[in-house]
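Structure record follows, encoded as structure tokens.
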Protein chains: 2
Amino acid sequence: MSHTIEMTGVLAPRSAWTADRCTIARTLSVLSTRSAFLILREAFYGTTRFDDFAERAGLSEPVAAARLRELVDEGLLEREPYREPGQRTRHAYRLTDKGADLLPALVALMQWGDRWLDDDGGPVKLEHRDCGANVGVALRCERGHDVEPAEMQLRYNR
Amino acid sequence: MSHTIEMTGVLAPRSAWTADRCTIARTLSVLSTRSAFLILREAFYGTTRFDDFAERAGLSEPVAAARLRELVDEGLLEREPYREPGQRTRHAYRLTDKGADLLPALVALMQWGDRWLDDDGGPVKLEHRDCGANVGVALRCERGHDVEPAEMQLRYNR
DNA sequence: CCGTATCCTGATAGATACTG
DNA sequence: CAGTATCTATCAGGATACGG
């Protein structure tokens, strides 16, 4: 059985099970820290090596090491051994499907910052290769309709 | 002048100005903490009163007070005085346009958690009122095309 | 109902130095 | 290049108590 409720005005999910199972809160437990987001950002940009993660995300090595390990443990990154000729085995950190699926969330944060925190629309834009237009995120229902916030309502899942 | 770069493989924004101006990092400075996200979640759900924020977000009063003040200072929430008949003046916290514009980011985090952290697709779903289908976020360019991650490239803004 | 003031614990994260 | 080991400072956030 499911139950719907207006998104604005009247109040939303209550009672213990909702707070416990809230997937925003649980996602934030996986991505608890600023450094985790920045490591992920670098992974999307194509960074794969330890030192590059630390330097480009602006993190100390211990923090980078801790975050990389946690993200691997959570299944967002995977350590992939590789060996260049004449070198010892090293490890590359790559996004898993689970990690790559966070791209829309990163894009949403970037889009908001571009709009509200930077006078020039942000230092870096994502561009659709085929047509050159900027890429962002949009609210959309599974039937493909664009959705305005006011057109949403909450439905309890069980 | 702008410069483009592949999104995958070859590496992305370098040099000082990018790291400093990165709008993901700056957005995370505004929404630094888990509690800030949870307060915002409650604001979207329609919560307006101090005690409700603290209880529903599962935060202690001091933390709720600190976060509410910061979010007001940042311009994501506004304190609106109101007076019920026979009561003293109270304050309601409401989303500003700037705060409301974070909805896609929250939806993106929720969508990811629903998919990867919950066996049943999450406890609460967003539903398009008109058609009943679930609402999520999608990558889309300004010309309205759906965009796959591999179809994006980065463009430097100045 | 709407907060503030204090105190305390643990986690985040920088600096530095060291190893294979 | 790819980390680990310490040490330390700062901050998030809970508990409790108190005031308008």
Side-chain angles (χ1 to χ4, degrees), chain A residues 11 19-20 22 24-43 46-74 77-94, chain B residues 11 19-20 22 24-25 28-43 46-74 77-94:
Chain A
L11 302 180
D20 295 353
C22 169
I24 295 176
R26 286 154 74 195
T27 299
L28 293 172
S29 299
V30 175
L31 285 177
S32 48
T33 78
R34 169 187 169 86
S35 51
F37 277 97
L38 297 180
I39 292 275
L40 274 185
R41 179 197 72 187
E42 286 307 317
T47 297
T48 63
R49 298 154 90 109
F50 178 85
D51 270 19
D52 290 334
F53 277 110
E55 184 189 349
R56 294 169 182 171
L59 302 171
S60 64
E61 289 94 337
V63 171
R67 225 51 60 212
L68 285 168
R69 179 170 23 231
E70 289 167 15
L71 291 172
V72 168
D73 288 347
E74 300 280 3
L77 296 178
E78 58 192 358
R79 272 182 71 164
E80 183 182 306
Y82 70 95
R83 179 190 294 264
E84 292 175 357
Q87 302 286 317
R88 67 174 172 84
T89 299
R90 302 190 186 288
H91 293 274
Y93 297 87
R94 298 188 193 285
Chain B
L11 301 179
D20 295 353
C22 169
I24 295 176
L28 293 172
S29 298
V30 175
L31 286 176
S32 49
T33 78
R34 169 188 169 87
S35 51
F37 278 97
L38 298 180
I39 293 274
L40 274 185
R41 178 195 73 188
E42 286 307 318
T47 298
T48 63
R49 299 154 91 108
F50 178 85
D51 270 19
D52 290 334
F53 277 110
E55 184 189 350
R56 293 170 183 172
L59 302 170
S60 64
E61 290 95 336
V63 171
R67 226 50 60 210
L68 285 168
R69 180 174 18 233
E70 290 167 14
L71 291 172
V72 169
D73 289 347
E74 300 280 2
L77 296 178
E78 58 191 357
R79 271 182 70 159
E80 183 182 308
Y82 70 96
R83 180 189 293 264
E84 292 175 357
Q87 304 285 317
R88 67 175 172 84
T89 298
R90 302 190 187 287
H91 293 275
Y93 296 88
R94 297 189 195 284

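Chain identifiers are assigned alphabetically (A, B, ...) following the order of the sequence lines, protein sequences preceding nucleic acid strands; residue numbering begins at 1 within each chain.
For B/R94 (side chain) and B/T48 (main-chain N/O), no donor-acceptor pair under 3.5 Å exists by modelled atom type.
One interatomic measurement links the two molecules: CG of B/L28 to C1' of D/dA12, which rounds to 16 Å at whole-angstrom precision. Protein atom CD1 of B/I39 is 13 Å distant from nucleotide atom P of C/dC2, rounded to whole Å. Atom CG in B/D52 sits about 11 Å away from atom C1' in C/dC2, given to the nearest Å. The CG-P distance, from B/L68 to C/dC2, rounds to 11 Å in whole Å. Atoms CZ (A/R34) and C1' (D/dT10) sit 14 Å apart, rounded to a whole Å. In this structure, B/L59 places its CG atom 17 Å from C1' of D/dT16, rounding to the nearest Å. Remark: P of D/dG14 and CD of B/E55 are 14 Å apart, rounded to the nearest angstrom. Remark: C1' of D/dA2 and CD of A/E61 are 9 Å apart, rounded to the nearest angstrom.
An OP1 or OP2 oxygen of C/dC1 is reached within less than 4.0 angstrom by no side-chain nitrogen or oxygen of B/Y82. Distances shorter than 4.0 Å separate none of the side-chain N or O atoms of B/R49 from OP1 or OP2 on C/dG3. OP1 or OP2 of D/dC1 has not a single side-chain nitrogen or oxygen of A/Y93 nearer than 4.0 Å. For A/S35, a side-chain nitrogen or oxygen approaches OP1 or OP2 of C/dA13 to under 4.0 Å. Between D/dG3 and A/R69, no contact under 4.0 Å exists linking OP1 or OP2 to a side-chain N or O.
A 4.5 Å side-chain heavy-atom check between B/E78 and B/Y93 finds every atom pair outside the cut-off. In this structure the side chain of A/L59 never reaches within 4.5 angstrom of the side chain of A/F53, judged on heavy atoms.
Two residues, A/E70 and B/P62, neighbour DNA chain C, and the one matched to the more 5' nucleotide by heavy-atom proximity is B/P62. Map A/D51 and B/R67 each onto its nearest nucleotide of DNA chain D; the residue landing nearer the 5' end is A/D51.
Separation of the C1' atoms belonging to C/dC1 and D/dC18 is 15 Å when rounded to the nearest angstrom.
Counting heavy atoms of neighbouring residues, nucleotides and ligands inside a 6.0 Å radius, atom CD of B/E55 does not exceed 12 of them.
Backbone-only contact: B/T33 has heavy atoms under 4.0 Å from sugar-phosphate atoms and none from a base.
Between atom CG of residue B/D51 and atom CZ of residue B/R56 there is a gap of 10.0 Å, rounded to the nearest 0.5 Å.
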